[in-house]
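Presented below is the structure to which this report refers.
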Amino acid sequence: MNINRIKSLKGSIHIPGDKSISHRGIMLGALANGKTEINHFLQGADCLSTISCFQKLGIDIVNSKNSVLIEGKGLHGLLPSKEILDVGNSGTTTRLLSGILAGQSFITTLNGDASIQKRPMNRIITPLTQMGAKIESLNNNGCTPLKITGSPLKGIHYHSPIASAQVKSCILLAGLYADSPTSVTEPFVSRNHTELMSSSFGAEITVQNTTVTIDPDPTLEGQKIDVPGDISSAAFFIVAGLIIPNSEIIIKNVGINPTRDGILKVCKDMGANIKLENIHTSNGELIADIIVSTSSLTGTVIEGSIIPTLIDEIPIIAVLACFAKGTTVIKDAQELKVKESNRIDVMVRNLTAMGADISATDDGMIIKGGKPLHGAVINSDFDHRIAMAFSIAALNAESETEILGIECINISYPDFFTDLNNLIQK
Ligand code: S3P
């Protein structure tokens with residue numbers, strides 16, 4: 001894909017459904033009694049992997065694009081899969097599903113693509129093993145393929161060394177099958193969609209500071225879920241609206257859950273013209289329209305407890321920092337190394353190729369903003385958020401940019417370029 005500088009962006013846009021919430025809707029819908037209807041479900045490849053895994057586990061799911069209907073079979077209704085479950089590129093599918101499979105009375109093997117086969121799974125194998133699960137990394141490298149032998153589980157209190165919603169959610173979902181309450185304490189609060197949604201399905205969840213506890217064996221009842229727009233997808237348009245001259249965009253119906261809204265705080269800190277309107281709640285999730293316009297920005301420091309609330313937005317925040325005056329420092333973000341790609345290395349390599357002043361640190365990056373970007377050949381390393389971040393950078397670079405591996409955008413935002421083209425002023 002070749003991309004050139006544009007003049008401005010104007011108009012309004014509806015962002016596709018939140019990826020994290022879409023995954024959880026399928027999982028909890030499958031484990032609930034009766035029908036669950038999910039509207040504005042994200043039709044990205046990751047969420048389709050979750051649907052296909054649950055279909056193989058015996059759940060009827062009809063995906064009619066506008067909505068997804070799930071015939072839940074209750075907590076103990078899953079059936080053994082005849083095949084290996086294919087989780088594709090999806091870390092959320094792998095880790096959350098492993099928690100559920102640990103409590104079943106059958107054996108399952110799951111595997112995914114080349115990227116998933118490199119991502120660390122010991123972070124879930126360790127706590128699930130403490131609960132009594134039997135999980136084997138078949139290549140003995142702490143990664144997929146995983147063979148999960150469902151077992152009777154006991155409740156534990158796990159002190160997680162990392163703030164990870166996938167780890168927390170994996171343990172909480174296994175906790176549904178434990179013999180006593182299960183708690184997870186994190187160093188900082190990570191996204192809380194599992195907690196919010198499982199409560200709305202009828203689970204007993206208590207939250208105290210950074211500790212979440214779930215009671216075992218609830219009766220979950222099917223729900224109607226309206227998925228808000230994904231702030232992680234909106235982030236690309238927020239940044240585009242801020243860095244491209246003469247722009248003003250309204251981004252409608254975006255989830256602004258406080259465990260996900262770090263990008264809004266960072267933009268405000270940097271001096272962005274950004275406003276929220278029409279703030280309301282649906283299914284326990286906070287939602288708003290976000291209005292952004294071209295802004296004069298200054299660098300900032302991003303560290304500590306805000307990191308889990310913007311972890312997926314760091315690639316596009318790094319692009320934003322290139323257009324700000326002064327230095328932006330991103331710290332405490334070592335988790336970037338174990339995402340769909342090593343996002344510290346890939347951002348530093350590609351932004352350097354475009355002329356930015358950026359250097360990698362052990363736990364993040366330092367960007368000295370203000371140097372104009374020029375076109376380059378960008379290798380996305382088949383990471384969807386990298387491909388989208390550089391598509392936006394290219395819109396305000398001096399010469400043409402070529403992005404390799406652009407198809408990976410399908411993972412989280414199949415209509416990204418259609419939506420972008422609708423805003424571009426010719
Ligand atoms: C997710 C949690 C985050 C995030 C991922 C989605 C989730 O991962 O990066 O894109 O849906 O729970 P970690 O839990 O590994 O931080």
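These numbers come from a predicted model, not from an experiment. Order of appearance sets the numbers: ligands from 1, and atoms from 1 within every ligand.
- Between Asp312 and ligand 1, at least one pair of N/O atoms sits closer than 3.5 Å.
- Of the N or O atoms in Glu335, none lie within a sub-3.5 Å distance of an N or O in ligand 1.
- Protein heavy atom closest to atom 1 (C) of ligand 1, with residue, atom name and distance, is Gln166 NE2, 3.6 Å.
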Step by step, work out the salt bridge (charged side-chain N to carboxylate O under 4.0 Å, His left out) result for Lys339 and Asp383. CA-CA 9 Å; Lys339 294 294 177 190; Asp383 180 332; over 6 Å; no

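- Using modelled atom types, one finds no donor on one side chain facing an acceptor on the other under 3.5 Å when comparing Gln43 with Asp415.
- Numbered from 1 in the order shown, with element, the atoms of ligand 1 that lie under 4.0 Å from a heavy atom of Thr92 read 1 (C), 6 (C), 7 (C), 11 (O).
- Neither the backbone nor the side chain of His193 comes within 4.0 Å of ligand 1, counting heavy atoms alone.
- Proximity of Lys168 to ligand 1, defined as any heavy-atom pair under 4.0 Å, is not found for any part of the residue.
- His193 and Ser20 form no side-chain donor-acceptor contact under 3.5 Å, judged by distance and modelled atom types alone.
- The aromatic rings of His76 and Tyr177 sit perpendicular to each other, their planes meeting at more than 60°, with 30° as the lower class boundary.
- At least one N or O atom of Ala165, backbone or side chain, sits closer than 3.5 Å to an N or O atom of ligand 1.
- In summary, the side chains of Arg260 and Ser232 do present a donor paired with an acceptor at a separation below 3.5 Å, with no hydrogens or angles considered.
- Among all non-hydrogen protein atoms, the one lying nearest atom 11 (O) of ligand 1 is Ser20 OG, 2.7 Å.
- The shortest contact between atom 12 (O) of ligand 1 and any protein heavy atom is with Arg24 NH2, 2.6 Å.
- By the 4.0 Å N-to-carboxylate-O rule, Asp381 lies close enough to Arg349 to be salt-bridged with it.
- The protein heavy atom nearest to atom 3 (C) of ligand 1 is Lys339 NZ, 3.9 Å.
- Annotation: side chain of Thr108 is not in contact with side chain of Ser98 (no heavy-atom distance under 4.5 Å).
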